Structure formats: structure tokens, C-alpha cells
**Student:** 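Supplied in C-alpha cells, the structure appears directly below.
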Amino acid sequence: MMIRFYLLDVSYEVRGREPVILLWGLNEKSEPILLIDKSFRPYFYILPEEDVDAEKLIPLIKALSKPSSPILEVKVVDRKYYGRPVKALKVTTSIPEYVRTYREEAKKVKGVSEVLEADIRFSMRYLIDKDISPSTWLEVEAVESEGSQRFRVRKIYEVKGEFKNAGIDLPPPLKVMAFDIEAYNPRGSPIPEKDPVIIVSLADNSGDLEILTAGEGPKGDLDLIPQFTERVRAKDPDIIVGYNSNGFDWPYLVKRAELLGIKLDVGRSADGLPRTSVYGHISIPGRLNVDLYDFAKEIYEVKVKSLEEVAEYLGVMKKSERVLIPWFEIYKYWDDKAKRETLLKYARDDVISTLGLADKFIPFAIQLSSLTGLPLDQVGAASVGFRLEWFLIRAARKFKELVPNRVERPYSTYKGAIVLQPVKGIHENIAVLDFSSMYPSLMIKYNIGPDTFVDGECSEEECYVIPGLNYRFRKEPPGFYKNVLTTLLSLRKKVKEELRKYKPDSPQYRLLNERQKALKVLANASYGYMGWTGARWYFKEGAEAVTALGRETIQKAIEIAKELGLRVIYGDTDSLFVSNDRDKIEQFIEKVRDELGLEIKVDKVYTRVFFTEAKKRYVGLTLDGRIDIVGFEAVRGDWTDIAKDVQEKVAQALLTSGKPEDAIEYVRRVIKDLRMGRIPLEKLVIWKKLTKKLEEYDVSAPHVEAAKKLVELGVKVVPGTEVGYVITKGSGSISSRAVPFIIAKPEDIDTEYYVKHQILPAALRILSYFGITEKQLEAAGKAQKTLVDFLTSKKQKSK
DNA sequence: GCGGCGCTACTACCT
DNA sequence: ACAGGTAGTAGCGCCGCG
């Protein structure tokens, strides 16, 4: 019979000496089903050396075969390698493990140049070869198969035919369950060897909410964990979401269960437990375990990526409307019976927020999953580079291109983009023009890639010559990158056209919009990917060529702008800030299109924009009256809130020229408040991320010293930990006085540090341009030359 | 012993 | 753990200084 199903995940198991592919899915009634395929076999490729006849290698490879782990087939196939047609050997083995064995032995055979695609996991191999993706609807001829006690699905089928993609369509109603655990933590970070799980909160998209609690004592979770597994199995979610669940909740539960002798049996397979899998994510058989923190990390606007902050930013739950408990005090709320109710509410708010985040992130994740072919639970955990790489691997198969091996290369750098020195000061009515997808467009236009590169002579007739580098790229035929990028961009164009057919609040619109965003992300990653030494399709000369062309493009654009009489104020990589002269800009856009063959368009207009002498920093007033702050302290996560607030106020006053003297007054008032101890401690916290292990730091830095103090308190500190600290009074270096804010007392704060190193620098960054000095800001009361005086005197001068 | 200087380490930003 | 370009803070070693 024909089965139509939505593919969730893929895995495999070995039965006897046969690998069996397991396709976890949902049928049209949204019931969990399993499709098994026993017919697929693992394989890899052998690339013979240049002058070696592939046929003659066959017996040599066959001779490696051992009866206990046989090679099933060796045959010559036509493929391409970096665009060049090659004869390769396809070596098929019986089970995936043998691929690893034979690839090593094959490498040693004389006449073998390279072993390829031996590092592609079997289940991914299946999806790629069948050209099917998780998070899509599929159709296949299948027969119902014997039920098995092992699999907790509605039905099991055996695949009998070829898959058909059933098109882009809305996903079935997916059962999403959010979970969150709280652990007892009297010594800082909870230690699974000692501290029990005290609360497990569960919420699902059918509206159910459950807060499970532990009994008393160090083994109070002995009943709690089985309750949790029971609830998961009863609810039978397709997707389980958590917040940092791969980093905390799952590993903690796994460890506790192990210690207590409980089977953490939450999957759709009775013999499968949660286990660490690719990209550090935790895999649960038959369900998609999605850690939403992976997606939260990608929101750069949110500086401190706690669940509360991210939920607040996305409008999922207001901080003001929820219970907030500092994580290091959780145990107190548990021990104190009067406070326990508050803790339960906190756990509830956390799990509701988590479920809310799923709503925001999952639709995008689904699109990314269907495009890259990575299952939903992996796609978030995989870095940008790997997401694109899987997309490329799938594309390679369509072009019969062999996938290059991942090789370790030393880090290597090359010249990048141009950043113009800004014309400092306030500029009125400025348009910001951006090249549309500059780097991808250049890659397409100049056919850049490893397979089109010509090492040696090539006429300008046949090749593009890259300015300044003397690199040459064949004009024809289109290379791998060009093909892939053309596909990505034309797909995106099609999706955007389709988008217009739907109302913005319809589910279809949402789906297509997320899809076009995912396509954009992949296209924009291609240049960076090419220059990444870890990439399979790494090609430094190509990346160098792209930036060289980018530099030439922006230089030419500046020339065109100047010829037209447009004043260029600033520019960075692919953007230009010019006087907003409608007619000239129209001509400019046309000329750029005609002469450079690239699209540039007005991205935004500032009624007023201010630059200091620094690059990558400006503040602008948009047409709708908003203030854009770019690069300055006010948008940096490693400055205190108080300094950021002050700078924002100053910027606002400056640009709206409403009452700029208020800015100075404001700065003074804040300094006064600070000295009076009227600024809450939270506004004085500096957040910095640890990028490596504590012992790897060469010099002492405030956040490192603060982190060491955290460790003393029993807090777990790993690379990636955000350290929040304050500077306290005393003698010695700033580092020695940096203290984790969680143990800092307001009376210990070194207010003068905050005046001199936070508020004044942030305010003066902008105000010093107007001749305002530190003294003036610090001086109380006395009238100084105000910003208004300055602005009016300047205007008169220019008249 | 200490302030100034130049350099390095480090982080977070911009495109 | 996709790229390079950039600003900025704090630490640290060195120099000069009777």
C-alpha cells in the first residue's frame, strides 16, 4: 500500500549481519509509525591514482574481503571530483562498521589515491541516496509488518518502493512537550552524584501542565524520575523541547537514573535510551529532542541568554509577570516549606516559557531541517558551517560530485573587506545603500570555486581574472558553488513569490517566510564556509578572490557615487552612506547595475546620523523616529546597564536635539545617584563570556578572576559560561576586585570605578565631540556650555 | 617604588 | 565550531628616574 508520512528522524540497527534503516514518522492522522528498510547497504568510494585503471583495482580491493565481514560488491562508477570526470570504485559492505575497517585497508592498496565518503553516517547516507529529508512529507509503497513489542508506534511498515517527495506542505499537528528540571543545589551548581532532582515540570501543546516533585532527602527523586518517564511515554510527544537541555537537564537525568538504577526509558524504542550523539546533542529514539538554547544563541540582540531574557525579548513571557528566583537560591526555596510554593510557580513559568519558545523557533528549525536534511534535533545543535555542508553534500550527489574528505588544516588568514574612515560629526538626511547578497552574487558572477580555478595561463576570453591577485576562474561550465548558490537564490525567489499568495497571518505564510529565511542563511554562509579551514569544500584562493572583488566593487561604487555628486560619509564591506539625494541615488543604482552588474538598494534613511572618528560605530535617527545605535557601548553586552542607559540617553538627546542639555544633566544625576548608592546592583553588573578553560588564560582579567571565585563557591564554570561580576572597593588591580555579582554586597561597590570606567567613558564617547569634558560632567550644578549652545553656534558658522 | 608607554590578551561588535 | 576588520579595556613588562 502507499503510505504517506511525515519523516521525523532516521536511525539504524544491526540485526544479525544486516543493517536495518528505521524511519520514524507520523501518518496522516499524526500517529507515530515506523518504516523499516532492510535493503540498503553501506558503501564508500575509492579514487584511483591518476594513471591507474579503475578496473584493475577491483581484484585488489576484493582481495581484502574477509569471510566474517565480507565486501559485498566492488564496481566502477562514473563520478566527478572537483568537476573533473573520474572513474571511481564503489565498495559496498554488509554493515556500517565494516566501512571503517575497509577504508583503512583500502588506503594502503597501491594505486589508490583517496578513499571518499567513508565518513558519512549510514542513516544520513540513506536519506541522501533516497533524496529524502526529515521534516517533509513523503510517499512510499510499503507493506505492514509484524508488530514488535520493542517499538512504541502505531504501526510498522516495510519499505518496498521508491520514495516520492510529497511537496512542501504544512507539517502535521506535532505533539510538542516542554520539560525543565530543578535540582537541589546547596553547594552552588548541583552535583548529580549527590544532589537529587527536586522538580520536573512538563507542559505540552495540548494545554496540559504538570509539576512533578521529589520526596525528601538525597534520594528523593527515586520516584520522581520514573514518574517523569511514565508521563513522557503516556503523552508520547513527537518533539521534546528544553532550554539548555543538552547541556544540563538530560545529562543530569541520565546520571541520576544511572546512579539510582532507574532506566530512563523515554523513547519510542524499548531498548533505546537517551545518548550523546552528533554535535553534542542528546538523541532519544523515535522522538526529536530539541534544545531551544541552540536557537536562542543565534539572537545576537539578546546579550544575556537566560530563559527569562530570551522569553521576554520574544514576547513569550514578561519578566514582570513571572516568578524569578536566582538559580543559586533554588535549594533555599525547596528547604523552606513556606517558600516552596514560589519555587513550584517558578518551575511552571520556566516550562511555559520553554514551550512558548518552541512556537517561535520550531517553524524555522523545520525549514532548516528539510533543506539541510539534518533531523530536527540535530539541525539546531549543528553549527552554521555544518548546516551548509550538509546542504552541499546533498547538492553534490545531484551533480554526481564526490564529497571531499574533511582534512585538518592549519589556520590560515587572508585579506578581507574595506571599511571607510567615517566623516565625523552629525550629518543630515543620509541614505544607507547596501549591495544585495554581495559575496554570493560575486561568487556566482565570477564562477568562483575550487573546481573552476585555473592554475596557470588562461586568456581573458575564457577566464575571469581577479584584480590584484592574478587568480583565474574558468567562465564555463558553472562550478559547484555557482550551481548551489544559483539554486539557493532561485529557490528563495520562488518562495518569496509564493509568499505573496497568502495572508501574513496564515500558517502557509509563516512556513514560506521561515523557508526563505533559512535559504538566505545558507546562501549567506557560503563565502565564510569557503574560507573556513575546517570545510570539506575549503578553498582559500576562492575566499580571497571574493573579498578582492568585494573591495573592487565598493571602490568602483564610490567612484560612481562621487561622479554623480553624492557625498560618501561612510561605508563598510558592502554598504555606503551617502547624501540622500533622490534623483542622484536613482541614477547611482542604475549605474551600479549597468556598470558593475550588481544590485544595490537603499536599505534605510537617517534623518540624522552621527559618527565619531571610529569605524563600525554610529548612531542614527530613522525616519520613523527610532534611534539606531550601532557598535557603541550601548549595544555591547560587556558594558553595565547603567553606562548603556546613559549613553542611550545622550545619543537620543543629540539626535532629536529636543533638550540636549538634559543629557548632561542626566549624566550628572546618574553619577550622583551612583555615589549615593541609589543605583541597584543589577545595573552595575558586567557580563563577559569565558571563551576557554580557566587554566588556559595567559593573563588575569576581571571576568576570569570573578570566575575563579565562582568556582570556589561550587559553581560549575565551563567555556561559554557568562560571568556576571561587579568591581568592589579596595586596593590592587581591577581584576583582583572583580567579584561575582551573586555574592556582592551593594555597600562594597567601588562607585568611583563605575564613574570613571563606565559612565564617563560611555557618555564622553559621544559628548567629547562637542567639547564636553570629564570635568564638566562630573561638576555638580554649575552651568556649562550646553549641547544646544554648541549646535546653534555651529549652525550660525555654517551660514 | 611608581607613572607612563607600548605591547599583548581578550571580548564583542560590524558587514 | 562560517570569514576578516575594528574598537576598546585591562594587564603586564619595561624604561626612566639620583
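Chain A is the first sequence line, chain B the second, and so forth, proteins listed ahead of strands; every chain is numbered from 1. Computed from a predicted model, the values in this text were never measured in an experiment.
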**Student:** May I ask you to say whether Lys616(A) pairs ionically with Asp572(A), meaning some side-chain N is under 4.0 Å from a carboxylate O?
**Tutor:**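 Looking at Asp572(A) together with Lys616(A), the answer is yes, because their closest N to O distance falls below 4.0 Å.
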**Student:** Return the value, rounded to whole Å, for the distance between atom CD of Gln758(A) and atom P of dA10(C).
**Tutor:**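 Answer to the nearest Å: 8 Å.
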**Student:** Are His703(A) and dT11(B) close enough that a side-chain N or O sits under 4.0 Å from OP1 or OP2?
**Tutor:**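 So the side chain of His703(A) is within the cut-off, an N or O lying under 4.0 Å from OP1 or OP2 of dT11(B).
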**Student:** My understanding is that only one of Lys644(A), Lys303(A), Arg765(A) makes a salt bridge (Lys or Arg N to Asp or Glu O under 4.0 Å) with Glu633(A); could you say which?
**Tutor:**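 Option passing the salt bridge (Lys or Arg N to Asp or Glu O under 4.0 Å) with Glu633(A): Arg765(A).
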**Student:** Checking contacts here: which listed nucleotide (dC13(B), dC10(B), dG4(C)) is nearest the side-chain heavy atoms of Thr413(A)?
**Tutor:**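 So the nucleotide nearest the side chain must be dG4(C).
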**Student:** Does a nitrogen or oxygen in the side chain of Tyr753(A) sit under 4.0 Å from OP1 or OP2 of dA10(C)?
**Tutor:**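 Yes.
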**Student:** Just checking Trp537(A): base, sugar-phosphate only, or nothing, at a heavy-atom cut-off of under 4.0 Å?
**Tutor:**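 Touches nothing.
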**Student:** For Asp628(A) and dC14(B), give me the distance from atom CG to atom P, rounded to whole Å.
**Tutor:**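 That distance rounds to 10 Å.
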**Student:** For the residue pair Tyr471(A) and Phe473(A), does the interplanar ring angle fall in the parallel (under 30°), tilted (30 to 60°) or perpendicular (over 60°) class?
**Tutor:**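 Ring orientation of Tyr471(A) relative to Phe473(A): perpendicular.
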**Student:** Would you mind classifying the nucleic acid contact of Lys756(A) as base, sugar-phosphate or nothing, using non-hydrogen atoms under 4.0 angstrom?
**Tutor:**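 Nothing, no heavy atom under 4.0 Å.
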**Student:** So what does Ala543(A) hit on the nucleic acid, given a heavy-atom distance under 4.0 Å: a base, only sugar-phosphate, or nothing?
**Tutor:**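 If one applies the 4.0 Å heavy-atom cut-off, Ala543(A) turns out to touch nothing in the nucleic acid.
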**Student:** Within the structure, does a side-chain N or O atom of Lys616(A) lie under 4.0 Å from either OP1 or OP2 of dC13(B)?
**Tutor:**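 Answer is no, no contact under 4.0 Å.
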**Student:** If you check every side-chain atom of Ala614(A), which of dT11(B), dG11(C), dG8(C) has the closest atom?
**Tutor:**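 Minimum distance to the Ala614(A) side chain belongs to dG8(C).
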**Student:** Determine the contact category for Ser412(A): base if any of its heavy atoms lies under 4.0 Å from a base atom, sugar-phosphate if only primed atoms, P, OP1 or OP2 are that close, otherwise nothing.
**Tutor:**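 Here Ser412(A) touches the backbone only, sparing every base.
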**Student:** Look at all strands and tell whether Tyr279(A) reaches a base, only sugar-phosphate, or nothing, counting heavy atoms closer than 4.0 Å.
**Tutor:**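 If one applies the 4.0 Å heavy-atom cut-off, Tyr279(A) turns out to touch nothing in the nucleic acid.
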**Student:** Rounded off to whole Å, could you give me the OH-to-C1' distance for the Tyr439(A) and dC14(B) pair?
**Tutor:**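 Tyr439(A) atom OH is separated from dC14(B) atom C1' by 12 Å.
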**Student:** Nearest to the side chain of Tyr618(A), which nucleotide is it out of dG8(C), dC10(B), dT15(B)?
**Tutor:**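 Looking only at side-chain atoms, Tyr618(A) lies closest to dT15(B).
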**Student:** Over how many whole Å does the gap from Glu705(A) atom CD to dG11(C) atom P extend?
**Tutor:**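 Whole-Å distance recorded here is 9 Å.
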**Student:** Under 4.0 Å between a side-chain N or O of Ser735(A) and OP1 or OP2 of dG11(C)?
**Tutor:**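 Yes, because at least one side-chain N or O of Ser735(A) sits under 4.0 Å from OP1 or OP2 of dG11(C).
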**Student:** In whole angstroms, how far is the C1' atom of dA1(C) from the CH2 atom of Trp390(A)?
**Tutor:**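 It is 16 Å, rounded to the nearest whole Å.
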**Student:** Does Glu705(A) come within less than 4.0 Å of Lys708(A), counting only side-chain N to carboxylate O?
**Tutor:**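 Yes.
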**Student:** To the nearest Å, how far apart are Phe632(A) CZ and dC14(B) P?
**Tutor:**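 Rounding to the nearest Å, CZ of Phe632(A) and P of dC14(B) are 11 Å apart.
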**Student:** Measure from the side-chain N and O atoms of Thr622(A) to the backbone N and O of Arg626(A), and report whether any donor-acceptor pair falls under 3.5 Å.
**Tutor:**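 Yes, Thr622(A) side chain to Arg626(A) backbone: donor-acceptor pair under 3.5 Å.
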**Student:** Quick test of your reading of the model: are Lys562(A) and Glu559(A) salt-bridged, counting only N-O distances below 4.0 Å?
**Tutor:**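 Salt bridge flag = no for Glu559(A) with Lys562(A).
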**Student:** Expressed as a whole number of angstroms, how long is the span from Arg387(A):CZ to dA3(C):C1'?
**Tutor:**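 About 17 Å, once rounded to whole Å.
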**Student:** Look at the side-chain N and O atoms of Arg551(A) and state whether any lies under 4.0 Å from the OP1 or OP2 oxygen of dG4(C).
**Tutor:**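 Arg551(A) to dG4(C) OP1/OP2: no side-chain N or O under 4.0 Å.
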**Student:** When you check the phosphate oxygens OP1 and OP2 of dC10(B), does a side-chain N or O of Arg636(A) lie under 4.0 Å from one of them?
**Tutor:**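 So the side-chain polar atoms of Arg636(A) never come under 4.0 Å of the phosphate oxygens OP1 or OP2 of dC10(B).
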**Student:** Using a 4.0 Å heavy-atom cut-off, does Tyr411(A) contact any base of the nucleic acid, only the sugar-phosphate backbone, or nothing at all?
**Tutor:**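 Since only primed, P, OP1 and OP2 atoms lie under 4.0 Å of Tyr411(A), the category is sugar-phosphate.
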